[in-house]
Amino acid sequence: MRFSQLLLPTLKEDPAEAEVISHKLMLRGGMIRKLTAGVYSYLPLGLAAIRKVEQIVREEMNRAGAQEVLLPMVQPADLWEESGRWEKYGPELLRFKDRHQRESCLGPTHEEVITDLVRKNIHSYRQLPVNLYQIQTKFRDEIRPRFGLMRGREFIMKDGYSFDVDEAGADVTYQKMHDAYQRIFTRCGLAFRAVEADTGTIGGSFSHEFMVLAATGEDVVVICQHCDYAANLEKATAQAEKDSRSEAPKEAEKIATPGRKTVSEVCEFLQIPHENLVKTMIYLADGQPVAVLLRGDHEVQPVKLQNLLGAQEVELADDGKVTQLAGAPAGYLGPVGLKIPLVMDQAVAGLVNFVTGANEADCHLVNVNSGRDFTPQHTGDIRMVNEDDRCPRCGGKLALTRGIEVGHIFKLGKNYSKALNATFLDDQGQSRHFVMGCFGIGVSRTVAAAIEQSHDRDGMIFPLPIAPFQVILLNLTPKDAEITAEAERLYRALTAAGIEVLLDDRDERPGSKFKDADLIGIPIRLMVGKRFKNDGLLELRTRSDGQTSEATPAAAEAVIREMVAAADKATTSDHD
RNA sequence: CGGGGCGUGGCGCAGCCUGGUAGCGCGCCUGCCUUGGGAGCAGGAGGCCGGAGGUUCGAAUCCUCUCGCCCCGACCA
């Protein structure tokens, strides 16, 4: 492709609308343009990167035995009513009526449609397992779209759905998809981790998120520094806390703690470590109040709490509600004598003679003991892991790092097959529900994540496998016939060798060409300029490390072919 | 949905407080000149100042309403 003919409107300055780096660079690099909030047009360069990711996804899905389909984007409400999600899904589902006043929606995901397709067309265990995927534009009417392609309303997604005869089969499929995802993100040239994730309200047994590691990620990932344990913050657990219950329980006593409300204030006043104080927080679980007991140095993980209680949603009660329920202001709450259900974090179970609020302003209780002074209705892991915690598997040090979720796989079980009554006949002639799995990849987000992960002050630094072009060839002096002839010859030769070359043939000064080449992050830069005229040498430079070398045209061509071949070799798949 | 900010040539911004009919940098077009890290000179094109209503002799500027966009939040006693 010739730069002079490519719609590649680069910008010198950061557009005011962009905050995060990938958004700024994609706008500056002429890859995307915004149409309206969370909705973007993909320009040729942006689309080229997206197509690269798509192709890798396609190859690996096919290799794993999945089949590509393309499902409708506009969907009838009936199906969603059948699954129960027409009510449940909420405002993210964009609903509208067609000309016949039929309720419809834009597909944010395709469990309903795929299950409908399969129930109508697959009737025997002999046809199973089957794994279907598509790569398509999704629409989710996000509360707050932001950060360009990172959280758009309209975005490109690969979504796949598997159908197995039983749990064992579904486990095999799940593992295949896990492996395929590992290959996909490895091939994309990204640093990532597969982390254990919460399965949420869908239930099911297992779920992994694939996180691209980047300081600007929205999600927090917990990674063991010694073994391969990795989980997201909603799911992560820590090695069990020390148990101090060998100590003899002492008699509980009420003491005055005037004006000391926070954990730090009380602990400082009483000269005790934070872990010896148990804080009490009132939550509303689906509207019902519960008191949550937690060590002073720990924090609640709401999703864990939600799961322990089997609640749809939990929220912290406001101060007015707290005072009304506990008879004391926030800061002085405790489990002793509270009339609402108690939920205790398991770390508290290992404590003896701890401090709590007294449910009375300016008072706390010391030497409180669980089982003697109060009895929790629920005990479990409801706290957030922190940097002081140790790995639950190996005891190694845990690190909290940030990531961008680019893939998510989980087992759906029979949720949708039951709701939509999707069945097949097994080898006994019995009707059974499909056991399903669901596997997503944010394709457009993956491109943004790659940029978040890899850039410098001059611009993007694309990994070779997903770069829009592999080589940018700069003709530094288009007015010079000899230099131009060589640039054109190289362009033809490299292109003929199957290498994707962007020829900068614009009548611009060299500085502008360097700046644009750096900005759009093409991995290999080849330059023809006056040095070619003087001593027949070209200059070769790699974007990632800035390494520059001079070479004869023949040598440069050979090096480039080798670099591209090496990347291809690492990413080429065998097709079944 | 709550809070904050912003809408002025393609992009980045000034002008608004203290009304008098729009300006700067970049980009774009023409010419000269220049050609290894976003050159220089000269000439030029391009704006219903987000929209509607109001106040006024007069509104980008003041008032009201409205639309759009961006950021933060919607979790810790």
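Per chain, numbering begins at 1; letters A, B, ... match sequence-line order.
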Is A:Arg95 positioned over the aromatic face of A:Trp80, cation under 6.0 angstrom from the ring centre and no more than 45 degrees off axis?
no

Nearest listed nucleotide, side chain of [X], among [options]:
{"X": "A:Thr262", "options": "B:C71, B:A77, B:C69", "result": "B:A77"}
{"X": "A:Met281", "options": "B:G12, B:C75, B:A77", "result": "B:A77"}
{"X": "A:Ala37", "options": "B:G37, B:C70, B:U35", "result": "B:C70"}
{"X": "A:Ala330", "options": "B:C72, B:C28, B:A77", "result": "B:A77"}
{"X": "A:Lys515", "options": "B:G38, B:C72, B:A77", "result": "B:G38"}
{"X": "A:Ala16", "options": "B:C13, B:C76, B:G38", "result": "B:C13"}
{"X": "A:Lys12", "options": "B:U35, B:G73, B:G27", "result": "B:G27"}

Please give, in whole Å, the distance from [N] [atom2] to [X] [atom1]?
{"X": "A:Arg146", "N": "B:C70", "atom1": "CZ", "atom2": "P", "answer": "11 Å"}
{"X": "A:Asp480", "N": "B:U35", "atom1": "CG", "atom2": "C1'", "answer": "11 Å"}
{"X": "A:Lys321", "N": "B:C76", "atom1": "NZ", "atom2": "P", "answer": "18 Å"}
{"X": "A:Lys261", "N": "B:C76", "atom1": "NZ", "atom2": "P", "answer": "14 Å"}
{"X": "A:His298", "N": "B:C76", "atom1": "NE2", "atom2": "P", "answer": "18 Å"}

Pair of N/O donor and acceptor under 3.5 Å linking [N] base with [X] side chain:
{"X": "A:Arg525", "N": "B:G37", "result": "yes"}
{"X": "A:Glu13", "N": "B:G25", "result": "yes"}
{"X": "A:Arg144", "N": "B:G2", "result": "no"}
{"X": "A:Asp518", "N": "B:G37", "result": "yes"}

NA contact type, [X], heavy-atom cut-off 4.0 Å: base, sugar-phosphate, or nothing?
{"X": "A:Gly331", "answer": "sugar-phosphate"}
{"X": "A:Lys530", "answer": "base"}
{"X": "A:Val322", "answer": "base"}

Quick one: on RNA chain B, does A:Asp14 or A:Leu537 contact a more 5' nucleotide (nearest heavy atom)?
A:Asp14

Using atom P of each nucleotide, how far apart are B:A77 and B:C17 to the nearest Å?
45 Å

Counting only Watson-Crick or G-U wobble pairs whose two distances fall under 3.5 Å, which nucleotide matches [N]?
{"N": "B:G7", "value": "B:C67"}
{"N": "B:C1", "value": "B:G73"}
{"N": "B:G43", "value": "B:C29"}

Identify the residue among A:His298, A:Lys397, A:Arg383 that makes a side chain to side chain donor-acceptor pair (under 3.5 Å) with A:Asp389.
A:Arg383

